[in-house]
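Starting from 1, each residue takes its place in the sequence as its number.
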Amino acid sequence: MQMEDVPFMDLKPGPIVDANAGELARTLDKAALTRALQDSRRRTLALFRACEAALGPDLRVPQLPELNLPLWELGHIGWFADWWIARNPQRSRGTAADPAAPRTRARQARRGIDADALYNSSEVPHHSRWQLPLPDADATRADLAESLAETLALLSQAPETDEGLYFFRLALFHEDMHAEAAVYMAQTLGIDPGEPDTAARLDAPGPRKPAQIGVPAGVVTVGHTGPGFAFDNELGPGLKAVEAFDIDARPVSWAQFLPFVDSGAWSQPRFWSEAGRAWRQASGAQAPRHLRRTPQGWQQWCRGRWRELEMDAPARHLTHFEAQAWCAWAERRLPTETEWLAASLQPGFEWGQVWEWTDSAFGPFPGFEPHPYRDYSQPWFDGRPVLKGASAATSARLVHRQYRNYFTPERNDLFSGFRSVAV
């Protein structure tokens, strides 16, 4: 089918996201970085308290590929900061630090606990974490408090340079990422994470008539430039040419997506890629995750209850396969990473409610060199798609046009959606 033809609209930039917040966060000085680390910790602990209230003192969750034990998550956050800051003899060298430099013992060693054997995500397989002898919540919180205190003390002595602050900024962004993962976990488990602003942003409706933006041919900078912090997969930037194209001004809404399901097209193999058909057969999915059809209309499972679906909000909890299939049905396509970046510079381009699947594979830019945290990017250059933008659960500090998120195409626990390009 053809989407309804709509005229180009000269829209004002939407109030969905502050595109400058993440840019500023990359260059936080010591005073601002201190406040940001404290703020991130407050969110971490608040989300953990919501899990405790819902799950009880043992904090057990099902063993699923998309989940981690809340106690493991909390301990890992503190361990990560200690490993790269308090225990790292080369922390002042930034990206030039040797990741294999000998470390001092972890703070938990005085209690006879090998924190490296518990929390090192590079060495502790995901499936094994349910069998680990994890310290209880009170002990884990106490370790976390000591870790933050030491981090802030060392930050006060750190050189006020990008190299001197690199690992402090890395620890901040790492904790922010885990906070967003905690919101995903809450959604998966039917827990109210207690963040009403996040819920309000997720369901902020857009215009009922979808607007298109015309992006002229030109060049766009792909990758990080300038001073401040950058993730290693963002480096090696360059100018890339783009042809003129037309793109949705905002992510595809439920009102646009669900006719694909209601019309029966969802069950037609011709709209799905081979991998998408295999996913649909294996999962048994008859509709997007967390949705159900009732005599009164579509409902969505959110924050532990069923509620009427906000049809003009961006569709979310979609796999890459579902995004591709809808595009095939609508005779549209997903944008490339470069096209998304070019479009994001245009007036009227709204982003920041959902992560957006693209048609680009996650891979290195020319001249890629891994940073000391070797497992951040390089192991995942396996063809999985790039997601651009941010979600309503993303910390404002992480919101950055050049940020490259990456998940395997079957993942639908995150707040993931898409926008489309005219073919």
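Heavy atoms only, all atoms of each residue included: A325 and F260 are closest at CB-CZ, 3.8 Å. Summarising the geometry of P193 relative to V183, their closest heavy-atom pair is CG-CG1, 4.5 Å, with the distance given to 0.1 Å. For S420 against R332, the heavy-atom pair with the smallest separation is OG-NE, 3.0 Å. When all heavy atoms of A313 and L202 are compared, the pair lying nearest together is CB-O, 3.9 Å. Across every non-hydrogen atom of D29 and A32, the tightest pair is OD1-N, 2.9 Å. Here the shortest heavy-atom pairing between M177 and L398 reads CG-CD1, 3.7 Å.
A salt bridge does not link E339 to K240: none of the charged nitrogens lies less than 4.0 Å from a carboxylate oxygen. The residues R397 and D176 are annotated as salt-bridged, a charged nitrogen and a carboxylate oxygen being separated by less than 4.0 angstrom. With salt bridges taken as basic N to acidic carboxylate O contacts below 4.0 Å, one links R141 and E52. One finds no salt bridge joining R280 and E322 here, because no Lys/Arg side-chain nitrogen approaches an Asp/Glu carboxylate oxygen to under 4.0 Å. Taking the charged nitrogens against the carboxylate oxygens, R103 and D116 have no contact shorter than 4.0 Å, which rules out a salt bridge. A salt bridge does not link K388 to E356: none of the charged nitrogens lies less than 4.0 Å from a carboxylate oxygen.
In this structure P133 satisfies the side-chain contact (heavy atoms from CB on, under 4.5 Å) test together with L118, sequence neighbours excluded. Applying the side-chain contact (heavy atoms from CB on, under 4.5 Å) rule to L148 yields the partners L37, R41, L152; only residues at least two apart in sequence or on another chain are considered.
Side-chain contact, T44 with E175: a donor N or O sits under 3.5 Å from an acceptor N or O. A donor atom on one side chain and an acceptor atom on the other are not found under 3.5 Å apart for T336 and D359. Side chain to side chain, T394 and E180 meet the donor-acceptor criterion of an N or O pair below 3.5 Å. Defined by atom type and a distance below 3.5 Å, a donor-acceptor pair is present between the side-chain atoms of Q256 and S253. No hydrogens or angles considered: nothing links the side chains of H127 and Q63 as a donor-acceptor pair under 3.5 Å. Side-chain contact check for D375 and S122: at least one donor-acceptor pair (N or O, by modelled atom type) lies under 3.5 Å. A donor-acceptor contact under 3.5 angstrom links the side chains of Q300 and R316, judged on distance only. Side-chain contact of D262 with W298: a donor-acceptor pair under 3.5 Å is present, judged by distance alone. Looking at Y373 and H174, their side chains never bring a donor and an acceptor atom within 3.5 Å of each other. Using modelled atom types and a 3.5 Å distance limit, the side chains of Q90 and R93 yield a donor-acceptor pair. Donor-acceptor pairing under 3.5 Å is lacking for the side chains of H224 and Q402. D413 and Q187 share no donor-acceptor pair across their side chains, judged by distance under 3.5 Å alone. With hydrogens and angles left out, the side-chain atoms of W79 and D143 include no donor and acceptor closer than 3.5 Å.
When the options W357, W326, F321 are evaluated for a ring pair (Phe, Tyr, Trp, His ring centres under 6.0 Å) with F418, the one that passes is W326. Looking at F231, Y166, F229, W84 one by one, the single match for ring pair (Phe, Tyr, Trp, His ring centres under 6.0 Å) with H371 turns out to be Y166. Among the candidates R201, R419, R250, the single residue satisfying the salt bridge (charged side-chain N to carboxylate O under 4.0 Å, His left out) test with E350 is R250.
In this structure, the ring of F407 has its center no less than 6.0 angstrom from the ring center of W380. When ring centroids are compared, F415 and H317 come within the 6.0 Å threshold.
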Margin query: ring pair (Phe, Tyr, Trp, His ring centres under 6.0 Å), that's the test. Do W266 and F271 meet it? Break it down for me.
Written below: CA-CA 8 Å; W266 173 282; F271 295 120; over 10 Å; no
Could you walk me through whether W130 and W72 pass the ring pair (Phe, Tyr, Trp, His ring centres under 6.0 Å) check? CA-CA 9 Å; W130 275 255; W72 187 90; 9.1 Å; no
| said: Working note: E163 + T95, criterion side chain to side chain contact (heavy atoms under 4.5 Å, CB included); need CA distance, chi angles, decisive distance, verdict. | reply: CA-CA 7 Å; E163 293 79 11; T95 58; 5.9 Å; no
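Panel note: side chain S40, backbone A36; no donor-acceptor pair is recorded below 3.5 Å. Between the side chain of D162 and the main chain of G228, a donor-acceptor pair closer than 3.5 Å is present.
A distance of 14.5 Å separates CZ of F167 from CG of L172, quoted to the nearest 0.5 Å. Distance check: T408 OG1 to E66 CD gives 10.0 Å after rounding to the nearest 0.5 Å. The OG atom of S391 lies 7.0 Å from the CH2 atom of W355; values are rounded to the nearest 0.5 Å. Expressed to the nearest 0.5 Å, how far OG of S360 lies from CD of E337 amounts to 5.5 Å. Distance check, rounded to the nearest 0.5 Å: CG of N405 to OG of S416 gives 10.0 Å. With values rounded to the nearest 0.5 angstrom, F362 atom CZ is found 4.5 Å from F381 atom CZ.
Annotation: cation-pi geometry not satisfied between R277 and W272 (NZ/CZ under 6.0 angstrom from ring centroid, within 45° of ring axis). Geometric assessment of R91 against the ring of F168 yields a negative cation-pi assignment under the 6.0 Å and 45° thresholds.
The side-chain heavy atoms of Q108 and P135, taken from C-beta on, include no pair separated by under 4.5 Å. Within the 4.5 Å cutoff, the side chain of P288 has heavy atoms near those of the V261 side chain. In this structure the side chain of R60 never reaches within 4.5 angstrom of the side chain of L55, judged on heavy atoms. In this structure, the side chains of P62 and L67 come closer than 4.5 Å at one or more pairs of heavy atoms.
For R293, the CZ atom is densely surrounded, since the number of other residues' heavy atoms within 6.0 Å is greater than 12. For E369, the CD atom counts as loosely surrounded, since its 6.0 Å shell holds 12 or fewer non-hydrogen atoms of other residues, nucleotides or ligands. Open room surrounds CD on E274; 12 or fewer heavy atoms of other groups in view lie less than 6.0 Å from it. Within 6.0 Å of CD in Q281 there are 12 or fewer heavy atoms belonging to other residues, nucleotides or ligands.
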